[in-house]
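Encoded as structure tokens, the structure appears first; notes follow it.
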Amino acid sequence: MKEKNSKYCYSQHLPCSRHTLEDKELLEKFAQPESRNMAFNQLVRKYQEKIYWHIRKMVIDHDDADDLTQDVFLKVWKNLDNFRQDSQLYTWVYRIATNECLSFLSSKKRKFFLPLNDVTAELMEKVESSPELAGDEVQQKLQKAILRLPDKQRLVFNMKYFDEMKYEEMSDILGTSVGALKASYHIAVKKIEEFLKED
Amino acid sequence: MKKEFKLSDIPKRNPYQVPDGYFDRLPMRVMERTASRGQEQAWLPNLWRPLRLAVAPLLLMLLFVGVYFYSMPTQPEEQIVNLAAVSDTAIVDYLSTYATLETTDFAELNTLREQELPAEVLNVSATAAEEELEYYNLHDIDY
């Protein structure tokens, strides 16, 4: 039995969880040895769904997404003491997740020797064989069209289209100008519509 | 004819799912990994101490071997080459200044041409040379 993604809210960019601790409070508690574990547990609960879905849409496979999500939080645990707070905690965690995704996909491409096409083909096979998409031809086509985008453009598309993130937040996470992100998203949408017409 | 397709025509939804209770278990799994990571980090310094004790004598030995080979005298071939490069005049000047000639040294004089070794080089008077010759019994010396 699979769990529906009901907790995942597309319509808001803030984490949709029932946890109440603010980031500042979390960081203060994390800095104290006696409340460190409790604070980190709260942090994971607060951001786990957003981070997991961000990764899952990039790597498609649940097991890969699960491994990467855990790796992301381990990195957060290791580096949270050094977090300078010149950006939001949420943005910082998202950036770690984005880097993990891109590194994972790059390493996959290196293994195949023939970059891009074989990895894309592998991801497309996963989409085709996904039981969640069985019977939903339109969604399957859309997912396959998204997979044909270059990795970074796919990231931009996912963050804007699915997560409805503000360009300013995306700019903080990806280290790219707002203008470039707007252009990238616009091009991605055009490409996807072209891909959908081809099929 | 191709169909005009707009992204906005497709209902926006997340098509993927996760196993039951996945997000309830994930924090616990992450916390377990942070705990094991902490143990790993504590284990490494413990390993480092005996490793350091084992490596220190090895480094000392390598240092000793290095110093030994560095302080070895240079090859004799190089000396020969260097002497060959010195001119005869320089050798004669050196010997006339610093060397005390022994009787045996005279034996070698026979092999030298007269013009190469002027009399004043020997730095002895004819009388002194004769006295020296008289003092030693040349027949007892095996050349």
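All values below were derived from every heavy atom in this structure, side-chain atoms included, with hydrogens, water molecules and symmetry-related copies excluded. To find a chain, count down the sequence lines: A is the first, B the second, and so on, and within it residues start at 1.
- Cluster membership check: Leu102(A) shares its hydrophobic cluster with Ile51(A), using side-chain heavy-atom separations under 4.5 Å among Ile, Leu, Val, Met, Phe, Trp and Tyr.
- Interatomic distance, CG of Asp9(B) versus CG of Leu142(A), reported as 11.5 Å (0.5 Å rounding).
- Counting only distance, with no hydrogens or angles, the side chain of Gln48(A) and the backbone of Phe23(B) share a donor-acceptor pair below 3.5 Å.
- Follow the hydrophobic side-chain contacts under 4.5 Å out from Tyr94(B) and you reach Val86(B) in the same cluster.
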Practice problem: Please report the C-alpha distance between Asn14(B) and Arg56(A) in whole Å, then the side-chain angles of each, then the deciding distance to 0.1 Å, and finally whether the side-chain contact (heavy atoms from CB on, under 4.5 Å) criterion is met. | Solution: CA-CA 10 Å; Asn14(B) 180 7; Arg56(A) 176 76 185 269; over 6 Å; no
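- Annotation: Glu137(A), atom CD; neighbour count of heavy atoms from other residues, nucleotides and ligands within 6.0 Å does not exceed 12.
- The local environment of NZ in Lys182(A) is sparse, with at most 12 non-hydrogen atoms from other residues, nucleotides or ligands closer than 6.0 Å.
- If you look at Tyr16(B) and His62(A), their ring centroids are not closer than 6.0 Å.
- Of the listed residues Leu26(B), Leu7(B), Ile10(B), Val30(B), the one with more heavy-atom pairs under 4.5 angstrom with chain A than any other is Leu7(B).
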Practice problem: Output, in order, the C-alpha distance, side-chain angles, deciding distance and verdict of salt bridge (charged side-chain N to carboxylate O under 4.0 Å, His left out) for Arg45(A) and Asp24(B). | Solution: CA-CA 8 Å; Arg45(A) 289 186 184 280; Asp24(B) 295 330; 5.3 Å; no
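- The main-chain N or O of Phe162(A) is never found under 3.5 Å from a side-chain atom of Lys12(B) such that the two would form a donor-acceptor pair.
- Residues Thr34(B) and Arg36(A) are not in side-chain contact: their nearest non-hydrogen atoms beyond the backbone lie 4.5 Å or more apart.
- For chain B, the option among Leu43(A), Asn37(A), Ile192(A) with the highest count of heavy-atom pairs below 4.5 Å is Asn37(A).
- Contacts between Gln139(A) and chain B at a heavy-atom distance below 4.5 Å involve the side chain alone, from C-beta outward.
- Taken from CG in Asp66(A) to CZ in Arg29(B), the straight-line distance is 4.0 Å, to the nearest 0.5 Å.
- The cluster map of Ile, Leu, Val, Met, Phe, Trp and Tyr, joined by side-chain heavy atoms under 4.5 Å apart, puts Leu149(A) and Ile187(A) in different clusters.
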Quiz item: Where do Lys6(B) and Val189(A) land on the side-chain contact (heavy atoms from CB on, under 4.5 Å) test, with the steps shown first?
Solution: CA-CA 9 Å; Lys6(B) 287 282 174 195; Val189(A) 170; over 6 Å; no
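- For Gln143(A), the part lying near chain B is the side chain, with the backbone staying farther off; criterion is any non-hydrogen pair under 4.5 Å.
- A continuous path of Ile, Leu, Val, Met, Phe, Trp and Tyr side chains, each step under 4.5 Å between heavy atoms, connects Tyr185(A) with Val178(A), placing both in one hydrophobic cluster.
- Here CZ of Arg33(B) is found 4.5 Å from CG of Leu74(A). Values are rounded to the nearest 0.5 Å.
- No continuous path of hydrophobic side-chain contacts links Met28(B) to Trp77(A) [ILVMFWY only; heavy atoms under 4.5 Å].
- Relative orientation of the Tyr22(B) and Tyr52(A) rings is tilted, given thresholds of 30° and 60° on the angle between their planes.
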